[in-house]
Structure formats: structure tokens, C-alpha cells
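Working notes for the structure below.
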Amino acid sequence: MKHSYRVAINAEHCKACGLCIEFCPQDVLGFASTRNDAGFYPAEVQDQANCIGCLRCAMMCPDACIEIWRLVSADDRVAAAESVTR
Amino acid sequence: MKHSYRVAINAEHCKACGLCIEFCPQDVLGFASTRNDAGFYPAEVQDQANCIGCLRCAMMCPDACIEIWRLVSADDRVAAAESVTR
Amino acid sequence: MHQEIILAGTGGQGIQSAGQVLAQVALEQGLDVSEVSQYSPEVRGGWVLSTVVVSDRRVGSPIVQMADCLLLMSQRAADDNKGRVRPGGLVLVNSSLVELPPIPEARVVAVPATEMAVELGVQQIANMVMLGAYCKCAGTLDIVYFDQALQTVLPERHHRHIPLNLQAVQAGVEVVIASGE
Amino acid sequence: MHQEIILAGTGGQGIQSAGQVLAQVALEQGLDVSEVSQYSPEVRGGWVLSTVVVSDRRVGSPIVQMADCLLLMSQRAADDNKGRVRPGGLVLVNSSLVELPPIPEARVVAVPATEMAVELGVQQIANMVMLGAYCKCAGTLDIVYFDQALQTVLPERHHRHIPLNLQAVQAGVEVVIASGE
Amino acid sequence: MAQTTQTEALPSHEEAVYRRPAALTETQMRYCPGCTHGTAHRLIAEVLDELELTDRTVAIATVGCSVYAYEYFNTDSVQAAHGRGPAVATGIKRTSPDSIVFTYQGDGDLAAIGLSEVIHSAQRGECITVLFLNNAVFGMTRGQMAPTTLVGQRTTTTPQGRDPKLEGTPMMICEMLSGIPGVAYLARETMIDPKTVADARRSIKKAFQAQADGAGFSLVELVSSCPAWWHKSPLESLHWIRDEMLTQYPLKVFVDYKRQD
Amino acid sequence: MAQTTQTEALPSHEEAVYRRPAALTETQMRYCPGCTHGTAHRLIAEVLDELELTDRTVAIATVGCSVYAYEYFNTDSVQAAHGRGPAVATGIKRTSPDSIVFTYQGDGDLAAIGLSEVIHSAQRGECITVLFLNNAVFGMTRGQMAPTTLVGQRTTTTPQGRDPKLEGTPMMICEMLSGIPGVAYLARETMIDPKTVADARRSIKKAFQAQADGAGFSLVELVSSCPAWWHKSPLESLHWIRDEMLTQYPLKVFVDYKRQD
Amino acid sequence: MMTGNVATAEGAIAAGCRYFFGYPITPQNDIPRYMSEQLPQIGGVYLQAESELASINLVYGAASTGAYVMTSSSSPGISLMQEGLSYLLGAELPAVVVNMVRGGPGLGNIAPAQSDYWLSTRGAGHGDFGCLTFTPDSVQELYDCTYDAFEIGHKYRLPVMILGDAMIANMSEATRLRERREPPTQMPEWAVGGRRNGRPRRVVNSLWTDVPVMEAVNLRIAERFRQAAQEQTRWEEYGDDRPDILFTAYGISARICKTAIDRLADEGLRARLLRPITVRPFPTDPFARWAGQVERIVCVEHSMGQFIEDVRLSVDCRPVELISRTGGVLMTPEEVIARTRELIAS
Amino acid sequence: MMTGNVATAEGAIAAGCRYFFGYPITPQNDIPRYMSEQLPQIGGVYLQAESELASINLVYGAASTGAYVMTSSSSPGISLMQEGLSYLLGAELPAVVVNMVRGGPGLGNIAPAQSDYWLSTRGAGHGDFGCLTFTPDSVQELYDCTYDAFEIGHKYRLPVMILGDAMIANMSEATRLRERREPPTQMPEWAVGGRRNGRPRRVVNSLWTDVPVMEAVNLRIAERFRQAAQEQTRWEEYGDDRPDILFTAYGISARICKTAIDRLADEGLRARLLRPITVRPFPTDPFARWAGQVERIVCVEHSMGQFIEDVRLSVDCRPVELISRTGGVLMTPEEVIARTRELIAS
Ligand SMILES: Cc1ncc(C[n+]2csc(CCOP(=O)(O)OP(=O)(O)O)c2C)c(N)n1
Ligand SMILES: Cc1ncc(C[n+]2csc(CCOP(=O)(O)OP(=O)(O)O)c2C)c(N)n1
Ligand code: SF4
Ligand code: SF4
Ligand code: SF4
Ligand code: SF4
Ligand code: SF4
Ligand code: SF4
Ligand SMILES: [Mg+2]
Ligand SMILES: [Mg+2]
């Protein structure tokens, strides 16, 4: 099963430390071009499709700004449920 | 050279702990039969002749009450002095 | 002569040294002065304030609640402090970084200090641009004392940057002249 | 009725418990009482003092500088405290251990308490001998309350020694009677 | 991960893979950009959620940059005097033994002013957990030397670099505690890349597990960054940890705890 | 021995073999009978005399039964607050670097209230000497539990014996300090018979020698007796040290110092 | 009959205190000794701290869970607790702290003294407050005050100091005991311990970077002091109803004064004692009341003029004379009488 | 131009102080920073202590050798030094201790406050004494007071406290510097360091089990305080020579009052400021002098009524009114004026 992911960055909490960007193996992330309220150019998702859901970005973020979702089709969920019950 | 010794106990400072007596290998020491000002029956020399000058009593005394002298005949001293200058 | 000035900005903008240079300029000019810097507990990204009281008598209270002149260097500083100017006072805004709605009863002067500083080669000297503009607008302090003041305030190892600083001060003066204010 | 008593001796002589027993006897008798024990900083071989104030009113100051009655248990205690009796007061001396020159204006009673205690089998109850002697001489406290008092003051595990203690008290009374004092 | 098991209702088309732990409040943390204090908070929160301890935990915020920890952890919290966290934690644990109590202490707080309290707590085998953030400086007070400052490291109060002749050598807290029988779990970790973050998380989990099981005192030292007073970027700071700090402070599990059940 | 070399003029018929050391005053020490505090004082004084340091020494009396040490050592002396001896010693050493400064501390003073000061001094490699008298109780305050009290030992405040679950295990000061680079000499000795007394004396000498040579921090732990609060005779106390204390506190030279000259 | 130390400990236990943290120091060692023996038997915790610094912070932790908790010490130990006391005040936590005062400053001695009056009423570390302070003068009152201190501390969320001295700590007197009470079962609404059953989380804290908030906190703490002053001020009066001399003294000094007053009465001198049982709150009212009705006011204290300042601030400008000794020297009633006579003569 | 912190440090160095022991705490961190930079260059010692407890005991050790030595801290740190200060007093050792007061109690905040007035003048731990206490109100005066503090401390063998606040610590003003003086070469006759050249041994000590001796020591310390009161009391007066209102304030509050007085003068109100520069010894004389000549006395302090007690004790029964804020909130001159007007109106 190949999955798609959605990475969500809390732009208001982000302090633009860049660690998520540095540690993403897929170059999914980059800095935004507009400032947040605190005056930082926060990280943003620039190439979502490339994301492999490795969680590295989230693991390195000191401000717990990053949340990651896996996109699940109905089929996947049934398959997953079965693999558990089996 | 066999030596004679004189063990002097400060009877006023002695607190009769008995350690000097316990550790004397020659039974030279014992408790006095009269009290000192502090109310202790201090250690005293009871058999000076037996003393071998081993210093154990002095080493064990917690109150630094014991001093020890070696009795030196004039001959001894000359001999000693010679043994040094030689 | 008695003037109370608030410089407000964000960490890294050189607010404290600007306050100290301004105070030293006043001293050189024979005035009494008391300068106080304050910063928020956060080490980075917090706010910095410098308040300067300049007087031809002994300065009493060094505390400035409402200023005769407000220098606003960053948006947050502007938002937080824009109300702290006396009626008839002067507000200098670093218009490169700050958008400010008009302030009633105050004279607001926009100085694109950061842009000008970048043009001069170093973003950090935006603070000196603002000071130059202040001197020109307020008319109480004379920019001839900046050279001496910078030599006193800056640590020796930064003395080679003094000419550039003076250039920035000059640029601040000129932008005010140019703006016709 | 108001009486101030000092018990003085050396560590290990049971001065403090004697003071407390005496105080408890007074309490049992319906009097008010305040007892204070003091000891020198040295743990062993130092002095111990117990002062007891007995009164038929509320006891005010618990501090006894000059006593109505002095109980001296050891030579050092005697040397240090022999002056602390009021004119016309009573001094009880443990004559087994203490030699005391006569004290002018005081009634001195010699009690060979330690020897008597040894005869009774336990040197440590010399203190009770002294208390018995005190009760007899002073006439203010009644020895019938000792049983109760000892039960209150002594920890449970020592209650089996109470009879012996009472014997010692009695011996103290008798030696005074015998001496004809 | 704490939240991955919370599968959502079937019709949904998204499944959370990683979410901000519930044991963190929504409050933005006041740390400088890239400071690993934040990472440490996140890991602790994840572990509390995973072990389902959040509801019975009392967090002790101490004095240092992390002084506001009581605003961040979504637990009951007590702010303690500088260095006294372990004593405060002990007071709580002794009156409230079924609570989970942890202190969060910087190296100034724990190794300078609070050294005695942490050692005595360890010696008592007190059932508390200590998170010890070692960033080799006093962050909050503007970058002074800490007991853990490296030899030669320049700080606000060692302008020429720490001189071992005058100021001594870095204090090795874990090594010092490692012989104490009351210690149930003791490890030094860091948070400089995904692997070390995962290791740190595992150690933190074991430390709390040890407490939950009543096994004794647990402490995890986290070699941490202070970009602000190291005068380095966040990434450079992580590299400096790797290249300099870890040489002085090797990562190690000193006392391991295996749950007995 | 310090005095044996002072041969007297020829006509005399006596030669001193052992004399009360000159570094002790004539004042009678206030220790209980048989308490090895006195023995320790004597050994220190002997060593000061032997190394000819008496005239430039400052003794730090701390708080415990040895609080009056300033009356006993025939040196300049400073009485320090409870536990703070090493800080006071450091203050003196830093202003007066050619003085020889030592603290004399009980286990309550050093291991309870003063733990932080002694460790930080060691960590700084402060050139001071610490004499640490471990008698497993607070003597002066009437026999309460100390951090070094043995498991199961009854004291005034552990009437049922020390329970490691509640009060932890004995604190091993030497073991804790042994890894610190600034420590030049570190040993645990006792004074229960002539041999151990001689060993203790040798260690004390090395400790002072290390200081005199500017080599760093030195500490000698002396497992000591408290007949009063152990409720034992002086001799029984020495036996209890041999049979019980030394099992917990093995004698050892942890860090040896060899004079480099 | 029991000593002041034991009565203090027993008073605490009777009040429901089950947690004691302390570090030994003369002259209060019988308190920890008694606690270490008793508390484990009744499900409580005696824990010997490694220092007074640890003690007061153990207390802080325990107090934050809402428990009845106590520590005791003597002068140098109380000095070491100053920061912790300030934190208790700032975090609005109640606790009972006993100080059996000894001679100072420095290591001083272990004799009775009253020289920590300021440290207790004005100290409690940095910041604007001192402790609520009881100054019992008998073993019975030590017991009673300690018994009451826990409830009072909790009512006003303030630390309470029992200010004794080496003399009342170690004297034995008859003591009427109350029944031992169980600890309170309901925890106060500010107490931490884990946000069980989904209640909102709680924070115990004394950090307020927002200065108006900090001021508001201080004002509400001050308000509680004011309330306590209205409701908890205690004093005793003793002696003549139409006195010429008003003595004032607390603790052991008051005991001495009582005897002195009795003897002076025998000599025909009419004297009265006004004895604060609480010195914070200070019984200013009775002072103001008596001040105008006497010829002289004499303050007797075993310190060099500390307590007298509060008296001066209360007597509406009447002069106050001082009889005092310091450093652990205790006055006898005779000395107080003699010095009173000197004052009268001069 | 320099900040108050730097002026304090530089004043110490200029006075000959070469030993500084301290532990960081805001708002005085520039003192250790400056010391750590300067002292090693001039043969001095900067040593960062592991805590304030260590600081004050390092100071105690250094002081016992007769050296000019200093530490600095802020409120919670000063609380931790209380035992050590008491030991300094008891052992009759001089030292200079700086307190840049912040908002309290507890952790409080780092804003300017004056709530450690009691802790300084009445505190210094257990026992009968407080510190000699300077309360400068400008950077220049911080420099000058610190400069003088060492000599004065040594003269009376007393610890000297420089009581500042977060505001004067961090404000920059012009400062006239004196020439840096070398440390004193001759050690006082009580200083330890090894009994070189056969001099008799010396002991630094605060333990006196013999109570009359302890009392004698206390009396001789008190005597030195009395002497210092005669010789070292400092104050400033400012404003109208025939005032209706006498303001009194110290430190930053005094600066605010000066502006308020100037403005009140413009409005036609005659006011004068009596500003203690030392609060221990307290300048009671000028207070007594002015008290009878004014309509009202107004005390302005940034604490909840601490300083006012000393004022009340000095003004010979005249009522004293309080204008105060707490918790780090600073008043502006306008606020002082407004509240004065309220007092007048009421
Ligand atoms: C008693 C006391 N002393 C000093 C301080 C000042 N202070 C606040 S934080 C701190 C050190 C913080 O360093 P660390 O514990 O390493 O935490 P970091 O900021 O580096 O995370 C100090 C000394 C204080 N608040 N209280
Ligand atoms: C600050 C402070 N706390 C407590 C005390 C009381 N005190 C005096 S000596 C002592 C402990 C002594 O024990 P230790 O150091 O082991 O010495 P020992 O008497 O056993 O030789 C204590 C707690 C004190 N003087 N000062
Ligand atoms: S989950 Fe992995 S691949 Fe996706 S953005 Fe994060 S680091 Fe990059
Ligand atoms: S790691 Fe977090 S704080 Fe840093 S840039 Fe990425 S999202 Fe922002
Ligand atoms: S020197 Fe040796 S033999 Fe002589 S008395 Fe002493 S112990 Fe005995
Ligand atoms: S060892 Fe010393 S104190 Fe003990 S009995 Fe012998 S002489 Fe006396
Ligand atoms: S100062 Fe250092 S430790 Fe503190 S938040 Fe900033 S980077 Fe982190
Ligand atoms: S109490 Fe113990 S340690 Fe103290 S002198 Fe007596 S025997 Fe020695
Ligand atoms: Mg740190
Ligand atoms: Mg001991």
C-alpha cells in the first residue's frame, strides 16, 4: 500500500528554526514568504506529494507545530481492518 | 641496644576510654584508683619496665594524653651520634 | 529643555545601543540624561524598549510612561506602544517594517529605515537612520556629537564601523529633509 | 505555697528524670509546676541541671536563679551551683560523691545517696533517694504521689522498676529521719 | 506514537499519523527558535499520553528558560524555587503517592544551585522522575557559565573560555549518580537527529515507567541546545552538540530498568 | 613521628619518642571518652607539624561535635556555617593562595547540608583539604540519622532502624567524588587499631602534601566512632566499625597522589 | 506533663498534621524525635531532610497538595528557610513553621532568645510579607497554638510561624490535650495532585511577569492578612486593673513579667501585662486602649529592641521604655523588677 | 555613561575590591559580567559560585582574611544569604552585598521593587542586627556608595548592603569616576591567613556558648552600629525650603518624587523631599526636625508599607501617609501627584 500524507504546520507557532526543513529527506518543506504575527517566515509545505510520512519533520520540531495525516481511501481502511481482525 | 621507656599520661585530660590499655601489647597500663577533676579514673602506667616503646598506646589515644620518652644513657647517645656521623 | 523619548523594537534591532547613543549625544551636548533599557523575558524574538529622558536640569524620574517622541522600529513594538505619545508629540516609524494607522494629535513621520540601511550595506544600522531622523525632526540634539558619542558608547572593536554609522545618521537627517516634513 | 528547686549533677545521674518526677508529684498533688532541664553542650560527662518551680498559683517565671532548695548530686555540680540557694534555704548533698564546705545561712543535709542506691542494687536510683530526702526535709510534697508520678513519667518499659524506685524514695525519707534532721 | 492508535470513524478520509500530544497545552512555548527545550517538552508529553499518565501527573517547573513549563504541560503543575525541584517533588510524592511527579530542570538549576537536592532524592530512591536539560550554559540569565560548561567554552562570565584551573571541569551528573542503589533508571540522551530523538523518547518512557512501577528514582539527562547563547544557528547548535558536547558527555544508559511483570 | 628528630642536648637522659603535637593547643578536647574525633585531630596536627605547615594553615571548624576545633588546632582558624566549610575554605584560599586551608567536617555537615559545597569544590579542583569524619550519626544534636547511617541502624530519628525504602541507602561520598578530575587525593581510612591509624595518618599526609604542591582538591574520609549515640563502649565502637561500618564503607585509596619532584 | 517541644509536636498531630519534614537543630530536637516515633504509627510521614533548605521545599511540595504539613527548626535553620517562606507566601500556600529561637547572630548558642522577632514578622524572605506569628508563653499554649495554626493557615492560605524559644521548648508543664483529629479529607480547590476525574488542571505558582497581575496577587494576599488581623488577633492581659505601669512582653519574657508583676504588687506597685499571643497580626487595639491610661509603658524583650518597634507603632506616641538582654542571657523577675525601679527612679 | 550595574561593579573595583563571588540573577547580571571581564585583568578573582548560599560563604571566607570582597544578587538570592549574613555579623566581618531588588514574593518578576527593605534593615538572618544599608538613587550615587562601602564596612566590621532596584540597576547615566585605588596592603589585626612570623593565632568565630560573652559581643556590635549612626548617616533634601508637604522616599521612588515635586511647584504646591541615602543608620534627626514644620508627611515607596515604619518611628508622632505600589509596578510622577492631590482632598 503506498500512502499519501498531509503535513500541517502551525504557522503561528512556527519560529522558523528550519530544523524540519533540514531533516526532511524529501525536500517537502521550505520557508514561507510571508511573516507570521511573531515576525517569523514560518516553514510551509512546498511539495506535499513527495512526502513519505517518515515523521522526521515532526520529530525534530521543537515547537510541536507539525501534525501529519495519512490520506486513507475507504478501501485501505477495510483492508487495514481486515488485516487486524485476521 | 635494648631501651627503656617512660610513658607519661596526662591524667587531667584522660577520659578513661581505656583504648590505650586495650591496645598495649605488654599490659603496661591500667586504670588509676583515684578520680581526676572531670570525674574519670584515668589510665596510669602500672608496669613501666615492661614497656617496649611501641607507641600503640599513644597512637590509639583520642585525647593526645600520652607522651613517650626513651631513656638514654650517655653511652647510648655517643654510640647513636657516632652511628650517624659515620 | 526636557524631552522624553521611547525607542521600541524587537531583539536584534539595536534598540538599546540606539538609546545609549542618543543619551550620549545629549551628554556631549551638556545636557543631563537618563536612559533605561527593558526587554521581555524571552531571549530571542522578544520586545526591547529604551526610554531616554533628556533635560537641561538634573533628570528626576527616569520613568517614561508617555513620551514626547516615539521611535517605532517593528510592527509589534508599534502595535504595543503606539499609544504612548503625548498630544502634540512626534512619532517616527520605521516604515520598512511597520504599517501604522494615523495617530490623532501626533506628528507621524515615516522613515524607511531598514531599507535605507540595507542600501547602505548593513541592515543593523537602521537604528542610526532613525536617530538621524529624530534629530532632524525634534531639533533638540545636534548630530555633530554623534562621532564622539559613538566612540564612547561602542566597544573599541566596533570603532571601524563608526563612519558607516555616521553615514546612516546623515541619511536619516536627509530623508526627513527630502520628505519635506 | 511557692518553691523553687534546683537539681544539679552530671550526665547519667538521672537529673532530668528526677526533675520531671518531682514536677509530676507536684502536679498530682494539685499544684502548678514548671520544670526545665538544661545540659552542657558535651554529650557525655557534662553537667545537667533541672529546675522546678512549684506553686499553688499559676507558675509565672520558670527561671530559677536562686533556689529555695538545692539538690547537689556530683562534685562538679556542687562546686558550680553551691551559691544558688536563698538565705534560709535547704541544700541536699549526695555525700557519697560530694564534699561540701558548710554554706552559711542554709540548712545542709548530707545524704549518701549513691551508696544507698548501690545497696538497693542499682546505682542509678540515687536520684530517687535524693527526692525522698527532699520531700522529707522540705515538707511540701507528699511521697504518696510518687507511684502515680512514676507511672506517668517513666516509659512503659521501665514500669517494672517502679517498686525499686519507690523503695529508694522511702530510703531517702528514712535516712533523713534517722539523721535526726 | 501516542495518537496513531486513535483510529477515527470509518467514513473519514484522514488518519492522524502524528498529532501534537494532548499533554501539551495549546500555548505557544516561549523558547528561542530551534531550542531543544521544546523538543524535550514534546517528548515528555508524548510519553505521558502514551503511558496514560497525564491525568495523574504533577509537573514541577523549575527556574531557567523552562520556568513557564507550567503553562505548557497539560497537567497539574507546581513552580519550584531555583534548584529545589526534587525537594518539592518529594513533598508532593510523599503526600500524594499515587501521583506521577516529575521535575524539569536545567543544568544551572540541577547541577549548580540544586545539586544537593537531586542527589539526596536519588539517594533516597525517591519515586520521582527528573528531566535534566544540559545545555552547558545558564540560558535564562543570559548565557553565563554553568557547571556543565565545556572546558574552553566562552560564556558571558568566562569571556576567555572556561579555565579548568580556575573554574574546574564539567560536572558529570549521570556518572556521579550512577552508583546510587536507589536509582532505577538513568540515561544520557540528546535530540540532534531523528534517531537520537527516538532514543531520548525511549529513555523518557522508561524513566516514567520506572516511577509508575514504584521502582525508584529515575533521571534522563538530555544534552540540549542553546542557540541564543552559543551564538549559533539552530542547526549549527545541533552540530556543536554532536561534535563537542557529546565528546564530553557520551550518550549512555547508565542504569536500565526492566519492568517486572 | 614529628618530634623524634628533635634530639635534645646531650646531657639529657631522655629522648622524646612521641609528644603531643605542637599543632594542637593545650586545651582539653570536649569529645566524649573514646570518640575518634580526638584521634583524627591528633593525626592532623602531627601531619601539619611534620610537613611544617602549621604556621601557614587556616583550619575551618564546621558545625558538629567538632565545632570547637578552632580551640584545638594551634593554627589560625575560622568557624564556618553548617555545611559551608568548603565554600569558606575556598574564599580563604582564593584571597590567600599560599595558605594551607583545610576543613574538618562531620557526615551531617558534609554529606547532608553541605553536599553541594564539597562536590563543587572538588569539581573546581580547589586546592583545599577536607577531613571528613563519618560516624554514621549526627553526634552533636543527639544521635539522629545521617546520610551515612547504615541500613537498619537505629538512631534517634530512625527508632525502627533506617529503612532504605523510606530513607534511602548510605551515601558513599568517596565513590561519588572519585571520578572528578580536580581531585588530587581521595581515600577512606579508619582509626580502629594501630595499623589503621598509621594508614590514616599516611593518607592525611598525602592529602596535605597534594595541597601544598598545588595539585588540587584532597579529601580523606575517616570512618569514625560515636560511642555516645551508638550506645556502645569505646572499644565496642571500634569493633562495630570493623564489623559493620567497613562492610558498607570499604577502606580504599581512590585517587592517589604522587608528589612530582 | 510534657515539654514544649513535645507539646508542639503533639499539638500538630492532634490537629491532623501527618507530614513533618525537618532537619535536626538544638533546641528543638525533641520535635523531630517525637514525630519520627509517632507519625509512622498513624499513617503519616516523617522525613528527615538533608537541610533546612530542603525541609522548607519539601513543605512547599506537600503544602501544594493541600496537606497539613509542618517543619520546625531554630534560628540559623529559619534563616535558611527565608527563600522558601517567600515562595509559600507568593504561591499562597499554608504551612506551619516552628522556630525555637536561640542566641544569635551566627552560630551563637543554644540558650533562649527572642532575637528572631523581625525575621519572623518582617522576614519570610524577600517581598512584602511576614508570617502569621504566634508567640505562646506556656507549654499548654504551644500545644493550643500549634493545634490551631493548621486551620488558620489554610483559612487564609498563609504560612504560620510558631515563635518559641529554647526555654519554652524545653520546659515541662501540665498540658490538657484535645482529641487527636483526623486530617481533613477534602482537599482545597487549589491543591494539586493530578487532574483526576477530568477536573481542569491546577497550577501552584509565584511567578507573575505581568506586573499588574503580580500587584493584584500581592493585594489579595495583603487582604488575607487584614482579614486575619480582624479575626485572629490574640492577646492576654494580666495583673492590675488600674495600673500605673503597663508591661508588654511575649513568650518567655511574659512569663518573667508575670512573676515580676506579682512581686511588684506585693511591693505596692500597680502593674499590668499586655501580652501579644499573636505578633502578626499585632494587637494594636488593646495597646492603643491602655496607652493613655498608664504612666509608663515598659517593653521587656530578650532581644535588642525588635518587638518594641511594633509596640511603639501601636501606642499612639506614648514613650515606651525598654528592658532587654541579648545573646541568650535570660532575665530573672528580680532583674526586671530592679530595672523597672531604675526606670522609675530616673 | 554607564548602567547602574556597571557603576556598582566599577565603584567596587575603584575602591580596591579584587574579589567577587556571585551567582547570576536578573536584574543584576551585568555586575558579574563586568567583574568576570575586569577582575582577572587586574590580578583579582572572579569566581562564579554554585549558588547564593555558596556566594555568601565564599565571601565569609574571603572576608575573614581581611580582603575587600563583594557579592551581588537580587531578592530571592538575598533571601538565601540570610544565614551567611548573620554569620558575617556574628563574626564581625565586613563585606559588601548588593541587592538589586525585584518584584516578590517568591519568584515574582524582574521588575523594579523596594520590597526588601525589611529584609535588609531588619533581616540579615537571625539575631539582633541588620546590615548597614545604602539606598542610592542614581548611577553616580551607586558608584559612590559602593566605593565608600568597603572602607566603612571595615571601619565598623559590619556587612554593608547596597539596596538598589531593577530600575537603577539598568538605567544609564553620566558617572564621574574616581581613580582606581589599590587594595589595602595592610591586613586588619583580626584577619586570618596563617599565623606567620610567630604572631599569635587568630580565630574568626560566632559561637559563644558562654551567654554573657555572647551578650558582650552583641553589645559591642551594637556599639559599632551606634558609632556608624553618628558618623555615617546620609540623606539628601530637595525642593522647597518652606514646604507644606514633606515627601520621603529612597532610591527610585525618590527620583520619581523629585520630578513630582518640581511639577507640584509649577502648580503652586510647596513640597520638599527628605531622602535617606542610608536607611540603616536611619536619618532620624532631619525627620524629627521637619516633622513639626509641615502640614503633612507623605511616604512614597514601592512596597506595601515597610519603609514607612522607620519614618513613623522618626517623626515624633506626626501622622504619615502612604503612597505605594507593589509587585514591580512603578509609579510615574503623575501618579504620585494625583495621589497626593487625593490625600489633600480627603
Ligand atoms: C535563588 C535564585 N538564584 C538565581 C536565580 C536566577 N536564575 C534564573 S534561571 C537561572 C539559571 C538557569 O540556567 P539553567 O538551569 O541551565 O536553565 P536554562 O535557562 O539554561 O534552560 C538563574 C541563575 C533565581 N531565579 N533564583
Ligand atoms: C543551619 C543549621 N542547621 C542545623 C544545625 C544543627 N546541627 C548542629 S551539628 C549538626 C549535625 C552534626 O552532625 P555531624 O556533622 O555528623 O557531626 P558529628 O557531631 O556527628 O561529629 C546539626 C544538624 C546548625 N547548627 N545549623
Ligand atoms: S513526514 Fe518525512 S517526508 Fe514528509 S515532510 Fe516530514 S520529514 Fe518530509
Ligand atoms: S521545526 Fe517547527 S518551528 Fe522549526 S521551522 Fe519547522 S515547523 Fe517551524
Ligand atoms: S608504648 Fe607500647 S608497650 Fe609501652 S605502654 Fe605504650 S602500648 Fe604499651
Ligand atoms: S587512650 Fe587516652 S583518654 Fe583513653 S584511657 Fe588511655 S590515656 Fe586516657
Ligand atoms: S536562551 Fe537558550 S536555552 Fe533559553 S530558550 Fe533561548 S536557546 Fe533555549
Ligand atoms: S557525641 Fe559522638 S561524635 Fe560527638 S563527641 Fe560524643 S562520641 Fe564523639
Ligand atoms: Mg542551562
Ligand atoms: Mg556525624
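Labels below follow one simple rule: chain letters A, B, ... track the order of the sequence lines, proteins then strands, and each chain is numbered from 1.
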To the nearest 0.5 Å, how far apart are [atom1] in [X] and [atom2] in [Y]?
X: Ile78(H); Y: Gln82(G); atom1: CD1; atom2: CD; value: 12.5 Å
X: Tyr250(G); Y: Tyr117(G); atom1: OH; atom2: OH; value: 7.0 Å
X: Ser324(G); Y: Phe307(G); atom1: OG; atom2: CZ; value: 12.5 Å

Out of [options], return the one with the most heavy atom pairs under 4.5 angstrom to chain H.
options: Ser74(G), Gly328(G), Pro76(G); value: Pro76(G)
options: Asn99(G), Ile221(G), Asp316(G), Asn218(G); value: Asn218(G)
options: Gly90(G), Gly327(G), Gly106(G); value: Gly106(G)
options: Thr326(G), Leu207(G), Leu88(G); value: Thr326(G)

Original post:
Which pair of heavy atoms, one from Arg122(H) and one from Arg280(H), lies closest together, and at what distance?
Top reply: NH1-NH1, 4.4 Å
Subject >> Minimum-distance pair of heavy atoms, taken over all atoms of Pro27(H) and Ala169(H) >> reply: O-CB, 3.8 Å
Non-hydrogen atoms of chain G under 4.5 Å away: do they reach the side chain of [X], the backbone, both or neither?
X: Leu85(H); answer: neither
X: Arg325(H); answer: both
X: Glu309(H); answer: both

Subject >> chain G interface, residue from Cys317(H), Gly108(H), Gly104(H), Gly123(H) that has the most non-hydrogen pairs under 4.5 Å >> reply: Gly108(H)
Original post:
Given the options Ser79(H), Ser86(H), Ser120(H), which has more heavy-atom pairs under 4.5 Å with chain G than any of the others?
Top reply: Ser79(H)
**OP:** State yes or no: are the ring centers of Tyr156(G) and Phe225(G) separated by less than 6.0 Å?
**Re:** no
Original post:
Can we say Glu223(G) and Arg220(G) salt-bridge, meaning some charged N sits less than 4.0 Å from an Asp/Glu carboxylate O?
Top reply: no
